[in-house]
A.B. asks: 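Got a structure for you, questions after.
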Amino acid sequence: MEEVPHDCPGADSAQAGRGASCQGCPNQRLCASGAGATPDPAIEEIKEKMKTVKHKILVLSGKGGVGKSTFSAHLAHGLAEDENTQVHQSGSGWSPVYMEDNLGVMSVGFLLSSPDDAVIWRGPKKNGMIKQFLRDVDWGEVDYLIVDTPPGTSDEHLSVIQYLAAAHIDGAVIITTPQEVSLQDVRKEINFCQKVKLPIIGVVENMSGFICPKCKKESQIFPPTTGGAELMCKDLEVPLLGRVPLDPLIGKNCDKGQSFLIDAPDSPATLAYRSIIQKIQEFCNLRQSEEENLISS
Amino acid sequence: MEAAAAEPGNLAGVRHIILVLSGKGGVGKSTISTELALALRHAGKKVGILDVDLCGPSIPRMLGAQGRAVHQCDRGWAPVFLDREQSISLMSVGFLLEKPDEAVVWRGPKKNALIKQFVSDVAWGELDFLVVDTPPGTSDEHMATVEALRPYQPLGALVVTTPQAVSIGDVRRELTFCRKTGLRVMGIVENMSGFTCPHCAECISVFSRGGGEELARLAGVPFLGSVPLDPELTRSLEEGHDFIQEFPGSPAFAALSSIAQKILDATPMCLP
């Protein structure tokens, strides 16, 4: 067993099967044979498909259960509140499921016939599904595509980055909670983004303090024992987009499939979400105008 | 499903193996694994913890063992002992990382290979219980772990959830995984089950309520108990302290002790 795990160079990299990290991997012979060497044609196809998608944002975390999906859903709700954010559905390919006229969703959840069905897939099959989601879903004209991911730094993450490589991802929003047990995984996620050269829009510290609905006093359910996201962001030089406190109504709204932002417009959590969403929009608009300047110059 | 006879090897001295699973991330698998191990140890048992979460190994920190070195012995890798009496030991990919902030960016086949090695090449010695902490989901790591452990006939799986529907939705799928892979579900633990405000003592359902017990009822599996949110528990885990020993008065202590006792009661006492 090697002392230190090294990274998989990727099945289609020039180093596939040949790198030091490939020793001992069950796929080594397959990769070394050059089976993965030719670039996947899907990458170009996805680049074409993504031309009608203005901004692509990945929502990541090293840690599970910090609120990636909750944040993704509310980022989508928040952006969709602007009725000018539009989608035109042209009718070819897989259709996203529309929650509002201008808010569509695609998820493997829609493909399962029962709530008890388990997706017990190994990496290669998961990669295939992700490729289909990116290549075969007809998003039409979309201002924002938000990609919610599972926790970790594995097949799903590598595949999304790989398949969107030619289509340019605006950046990643990284979610954490305040305690060190989360931060230690999130530092790895930031390291991963830097390795694959994915721009980081910023970090959101979720579940950051709890205000008792009865006495209105604040407590720390997940204490920031090592300085929380603020110190981590300072150390790693990434922006802190904001802190979202715990509000029992968030979970309730997610369970009912509703927008918490509409249900509790005055909650400190709603105000935090809106401020963060605005910063994300500013980042994306700035990036867009920088690109336009580059093209016109 | 026929279980092959266990080959004499590093798991031959392990009496009972328990997997801690959840479909959902962040519900407290590592927390429950750690506290269960500590509680079993306090009940006089010899316990090992195998942390097969390769992307997010949390257990070394929770037990104050970050930065410990792993040594080779003649039977393979020696697990890290957490106490002089060697009553609690741990193996995690966390010990193998040169730089703790560096991401382990591996695809499935390589993760599977490491998990197989963790199962067969760690010299656990004589253990009453091996608690196996897993990452969220139903993928490579889970299949590799179940397959590698199958010859040793694990006692079963302890499935962790939080009360709200989005967790229950994922955990239902995990129960299907257990059924399909022939893994017995020892029971469901509902974690983060309410928070008592330290200022006014009101109990608030931060992550909704009741889902875990309802799921256990629907799925026909035992409900092992609800563990409330407890900042003292979180702090203990952050600082690598023994919560079971230090906070017997805390709200989570009673729940965790009761769960451990149910596991002990469900464990056959005589050797197979």
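Naming convention: chains lettered A, B, ... in sequence-line order (proteins, then strands); numbering from 1 in each chain. Only this structure's heavy atoms are used, side chains among them; waters, hydrogens and symmetry mates stay out.
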A.B. asks: What residue in Glu239(B), His142(B), Lys111(B) has the most heavy-atom pairs under 4.5 Å with chain A?
C.D. replies: Lys111(B)
A.B. asks: Using a 3.5 Å distance criterion without hydrogens, assess whether the side chain of Glu238(B) forms a donor-acceptor pair with backbone atoms of Val181(A).
C.D. replies: yes
A.B. asks: Is Lys217(A) in contact with chain B via its backbone, its side chain, both, or neither, using a 4.5 Å heavy-atom distance?
C.D. replies: both
A.B. asks: Does atom CD of Glu230(A) have more than 12 heavy-atom neighbours, drawn from other residues, nucleotides or ligands, at distances under 6.0 Å?
C.D. replies: no
A.B. asks: So for Pro136(B), is it side chain, backbone, both, or neither that comes closer than 4.5 Å to the heavy atoms of chain A?
C.D. replies: side chain
A.B. asks: I want to check something: taking the side chain as every heavy atom from C-beta on, are Lys188(A) and Val104(B) in contact at a cut-off of under 4.5 Å?
C.D. replies: no
A.B. asks: Heavy-atom pairs under 4.5 Å with chain B: which of Leu112(A), Thr177(A), Thr226(A) has the most?
C.D. replies: Leu112(A)
A.B. asks: Name every donor-acceptor pair, under 3.5 Å, that has one atom in a side chain of residues 191-212 of chain B and the other anywhere in the protein, sequence neighbours excluded.
C.D. replies:
from	atom 1	to	atom 2	distance (Å)
Asn191(B)	ND2	Val27(B)	O	2.8
Ser193(B)	OG	Glu190(B)	OE2	2.5
His199(B)	NE2	Glu218(A)	O	3.0
Ser205(B)	OG	Arg209(B)	NH1	3.4
Ser208(B)	OG	Asp255(A)	OD2	3.4

A.B. asks: Against Ser139(B), only a single residue in Arg122(A), Lys126(A), Lys125(A) fulfils side chain to side chain contact (heavy atoms under 4.5 Å, CB included); can you say which?
C.D. replies: Lys126(A)
A.B. asks: By a 4.5 Å heavy-atom criterion (distance strictly below it), what part of Pro135(B) contacts chain A: side chain, backbone, both, or neither?
C.D. replies: neither
A.B. asks: For residues Ala103(B) and Asn191(A), report the shortest heavy-atom separation together with the two atoms involved.
C.D. replies: N-OD1, 3.0 Å
A.B. asks: Check each atom of Lys29(B) against the heavy atoms of chain A and say whether the ones under 4.5 Å are side chain, backbone, both or neither.
C.D. replies: neither
A.B. asks: Applying side chain to side chain contact (heavy atoms under 4.5 Å, CB included) to Asp155(A) and Asp140(B), what does each step give before you reach the verdict?
C.D. replies: CA-CA 10 Å; Asp155(A) 290 272; Asp140(B) 292 90; 4.2 Å; yes
A.B. asks: So what's closer than 4.5 Å to chain A heavy atoms on Asp170(B): side chain, backbone, both or neither?
C.D. replies: neither
A.B. asks: So which atom in Gly65(A) and which in Lys24(B) form the shortest heavy-atom distance, rounded to 0.1 Å?
C.D. replies: CA-NZ, 4.2 Å
A.B. asks: On a heavy-atom basis, which atom in Asp185(A) and which in Cys55(B) lie closest, and how many Å separate them?
C.D. replies: OD1-O, 4.4 Å
